[in-house]
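Residue indices begin at 1 and follow the sequence shown. Computed from a prediction, not measured in an experiment: that's the story for all the values here.
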Amino acid sequence: MVERFLKQTHFESVEDYNKNLEFIIPEHFNFAYDVMDAWAEEAPEKLALLWTNDQGVEIRATFKQLKEQSDQAASYLQSLGIGKGDPVMLILKRRYEWWIVMLALHKLGAVVIPATHMLTKHDIVYRNTRASVKAIICVDDPYVTEQIKLAMPESPTVKVYITVRPTPLPLPVREGSNYSQYEETVGLSTPRPHREGQGEGLFHDWQSEWQQAPKFVRPAFVNNNEDTMLMYFTSGTSGEPKMVAHDFLYAMGHLTTGVFWHNLHEGSLHLTVADTGWGKAVWGKFYGQWFAGATVFVFDHEKFNADTLLRQMEKYRVTSFCAPPTIYRFMIREDLSKYDLSSLQYCCTAGEALNPAVFDKLKELIGLNIMEGFGQTETTMSLGTFPWMTPKPGSMGIPNAQYDIDLLRADGTSCEDGEKGEIVIRVGDRKPVGLFKGYYRDEEKTREAWHDGVYHTGDMAWRDEDGYYWFEGRIDDVIKSSGYRIGPFEVESALMTHPAVVECAITGVPDDIRGMVVKATVVLGKEWKSKAGDDLVKELQQHVKKETAPYKYPRIVEFVDELPKTISGKIRRVEIRQKDAKAC
């Protein structure tokens, strides 16, 4: 499959990759037809998706079955008036139906808007209004449906509401069973009447309706490459979320994510830990993995537990794994000798910077490197550690050859090696495959981030003499104390080498004398919690002074049970700063 879209499919070195990576771009590329349906034709019985949940239900779907199910779903959505260009919001957690609906909406040329199940009524109204959402497909969860009902009177553009019922209690599901057998076994195909919501809204019941649709007929015209395919609402440090719009070539941009960064092939069973409301889901559970012909493994769970996740990896013989550093930090606290992880061949991470101490510990415990990558909701993977490279613990790797990456000073000039600057993408005359179209309906925000032929990421880094990039933090996160500029990540990395620390976040606190002082918000290991106090604070401060420059040590240390995080697992330092500002 890869050879259809790349002029060269195997690379021996960084130089080879940088020189010879080149996409073959069809005139009207559509991932659902050109990749997934093509696999269904070439390898119909090949396992595409292995889905299980924390209640013991299991579904195995081949490429042929995904084609049939997504065709049926596309026909059903057509019957409800959904078609080309219609914005459809998905609030489906990790339900199996998310993969079917994503493909179905691509087949119709609709605009997919994945969203988290934690949205409030205000969040939903804002998204419905800003994006003119036409339909919402959501889990039949009391909280989710209640927030949607509350939003209905203020959401006049939404014409269709569909709920997907929860997965039932544990039951045996035969290996090789498809979705239809699964529905019949658990009774989900039993018709259920529509439920009335507020106003004129009605919740259609997915399970009792979708398979009744007529045979799907592919539309005569689906999309141009530059048409909008996908939108994510992404939150900044202030104001309402921006709408990141991606075209149909965005999916192709993830070919490098799955095939090269994740190092996947047709025999791979890949697990990425990500909620489907987060952009990382399409990074690791959808596009790139299926370009490679790998099997996507999904573990649908309500609450993360490191032991439970490791048991799933052991049971299903996962070969490739990707998760944010937060997940790895909890995994290495487990006794990994209890688990048979011999099937695991490759590990990756993204979402936030990886502390070198975590890299070293996993290497010590299971003998595998963690290959770090970097990107944003606005991009595919833009920096990464590739299989033909030797990773440097704590480094994001090198620029992905599909992007022209640079580091800029505040005056717009390029940084030298060793000098800190903002990570930017030089766009030139032609937008790179994988870069966003802009912020939907917000030309001002688009111009702020993308001007003079350069997209500004807002992330700071420095580059070493070998071309490896090292993350410093968001521009807004950099702490200016007594004339020094201190990046949160370097202090966090120093703290993480202390055995007491599970997680930490470094922020700046206003100070009359120094301008700002460094504060550490720390989550302790359970065996250390009883020792939280002044003595441990001093011990941690001295530890940082030994591990990095003494002026960077945290003058304030706060112990907490957990850090505030986004749904993607990123630490919300802004929330800590806002809390401290209110306390002043």
Show your reasoning for whether side-chain hydrogen bond (donor to acceptor under 3.5 Å, both in side chains) applies to T157 and K134.
-> CA-CA 6 Å; T157 67; K134 184 173 182 178; over 6 Å; no
I'd like to know if the side chain of [X] pairs up with that of [Y] as donor and acceptor (distance under 3.5 Å, no hydrogens or angles considered).
{"X": "N224", "Y": "H28", "result": "yes"}
{"X": "T326", "Y": "R329", "result": "yes"}
{"X": "R441", "Y": "T446", "result": "no"}
{"X": "D459", "Y": "Q376", "result": "yes"}
{"X": "Q402", "Y": "N400", "result": "yes"}
{"X": "Y250", "Y": "H254", "result": "yes"}
{"X": "T276", "Y": "K93", "result": "no"}
{"X": "E422", "Y": "T457", "result": "no"}

Check step by step if ring-ring contact (aromatic ring centres under 6.0 Å, His included) holds for W210 and Y76.
-> CA-CA 5 Å; W210 80 285; Y76 171 54; 7.9 Å; no
Nearest non-hydrogen partners of [X] and [Y], listed with the distance:
{"X": "T163", "Y": "Q207", "result": "O-OE1, 4.3 Å"}
{"X": "L80", "Y": "V160", "result": "O-CG2, 3.5 Å"}
{"X": "G375", "Y": "S382", "result": "CA-OG, 3.7 Å"}
{"X": "A104", "Y": "A74", "result": "CB-N, 3.5 Å"}
{"X": "L92", "Y": "I137", "result": "CG-O, 3.9 Å"}
{"X": "L309", "Y": "L271", "result": "CD1-CD2, 3.9 Å"}

State which residue, out of [options], fulfils the side-chain contact (heavy atoms from CB on, under 4.5 Å) condition with [X].
{"X": "L105", "options": "L90, L230, V111, D86", "answer": "L90"}
{"X": "V112", "options": "H106, M229, M89", "answer": "H106"}
{"X": "I162", "options": "D140, I136, D205, L77", "answer": "L77"}

Stepwise side-chain hydrogen bond (donor to acceptor under 3.5 Å, both in side chains) test for R165 and S208 | CA-CA 10 Å; R165 278 182 261 168; S208 62; 4.6 Å; no
Check ring-ring contact (aromatic ring centres under 6.0 Å, His included) between Y439 and all other residues, then give those that pass, not counting sequence neighbours.
-> F436
Sequence neighbours left out, what passes ring-ring contact (aromatic ring centres under 6.0 Å, His included) with F291? Give chain and number order.
-> F5, F31
Walk me through it: do C322 and H262 pass the test side chain to side chain contact (heavy atoms under 4.5 Å, CB included)?
-> CA-CA 8 Å; C322 186; H262 284 162; 3.6 Å; yes
Steps toward side chain to side chain contact (heavy atoms under 4.5 Å, CB included) verdict (F23, I25) | CA-CA 6 Å; F23 291 96; I25 302 175; 4.0 Å; yes
Checking the side chain of [X] only, and the main-chain atoms of [Y] only, is there a donor and an acceptor separated by less than 3.5 Å?
{"X": "T272", "Y": "K285", "result": "no"}
{"X": "H246", "Y": "A251", "result": "no"}
{"X": "T52", "Y": "E58", "result": "no"}

Tell me, please, which residues at least two apart from [X] pass salt bridge (Lys or Arg N to Asp or Glu O under 4.0 Å).
{"X": "D442", "value": "none"}
{"X": "K159", "value": "none"}
{"X": "K121", "value": "E154"}

Are there more than 12 heavy atoms of other residues, nucleotides or ligands under 6.0 Å from atom CD of E41?
-> no
Exceeds 12 heavy-atom contacts within 6.0 angstrom, atom NZ of K46 | yes
Could you go through the side chain to side chain contact (heavy atoms under 4.5 Å, CB included) check for R95 and W51 one step at a time?
-> CA-CA 9 Å; R95 293 283 284 125; W51 181 96; 4.3 Å; yes
Is there side-chain contact between [X] and [Y], with at least one heavy-atom pair below 4.5 Å?
{"X": "Q72", "Y": "F216", "answer": "no"}
{"X": "K519", "Y": "I576", "answer": "yes"}
{"X": "L310", "Y": "M331", "answer": "yes"}
{"X": "Y96", "Y": "L49", "answer": "yes"}

D227 and K84 ion-paired at < 4.0 Å | yes
Candidate pair F233 and I113, rule side chain to side chain contact (heavy atoms under 4.5 Å, CB included), full reasoning = CA-CA 8 Å; F233 281 80; I113 306 175; 3.9 Å; yes
In sequence, state the C-alpha distance, the side-chain angles, and the governing distance for E443 and R447, and then conclude on salt bridge (Lys or Arg N to Asp or Glu O under 4.0 Å).
-> CA-CA 6 Å; E443 293 184 6; R447 284 194 300 269; 3.6 Å; yes
Taking the six-membered ring for Trp, is the centroid-to-centroid distance between F286 and W98 below 6.0 Å?
-> yes
Taking the six-membered ring of Y440 as reference, does the NZ or CZ atom of R130 fall below 6.0 Å from its centre and within a 45° cone about the axis?
-> no
List in chain and number order the residues that pass side chain to side chain donor-acceptor pair (under 3.5 Å) with T349, two or more places apart in sequence or in another chain; answer none if no residue qualifies.
-> none
Intermediate values then yes/no, side-chain hydrogen bond (donor to acceptor under 3.5 Å, both in side chains), T228 and K437 = CA-CA 8 Å; T228 302; K437 296 174 62 175; 2.8 Å; yes
Are F321 and Y328 close enough, and set up right, to give a ring-ring contact (aromatic ring centres under 6.0 Å, His included), and what steps lead you there?
-> CA-CA 11 Å; F321 180 69; Y328 284 105; 5.5 Å; yes
Run the numbers on K303 and D54 for salt bridge (Lys or Arg N to Asp or Glu O under 4.0 Å), then give the verdict.
-> CA-CA 9 Å; K303 187 174 181 180; D54 52 8; over 6 Å; no
Apply the test salt bridge (Lys or Arg N to Asp or Glu O under 4.0 Å) to residues R218 and D71: give CA-CA distance (whole Å), side-chain angles for both, the deciding distance (0.1 Å), then the verdict.
-> CA-CA 9 Å; R218 178 174 175 173; D71 280 351; over 6 Å; no
Checking salt bridge (Lys or Arg N to Asp or Glu O under 4.0 Å) for the pair D247/K431: CA distance, chi angles, key distance, verdict?
-> CA-CA 11 Å; D247 59 27; K431 183 178 76 67; 3.1 Å; yes
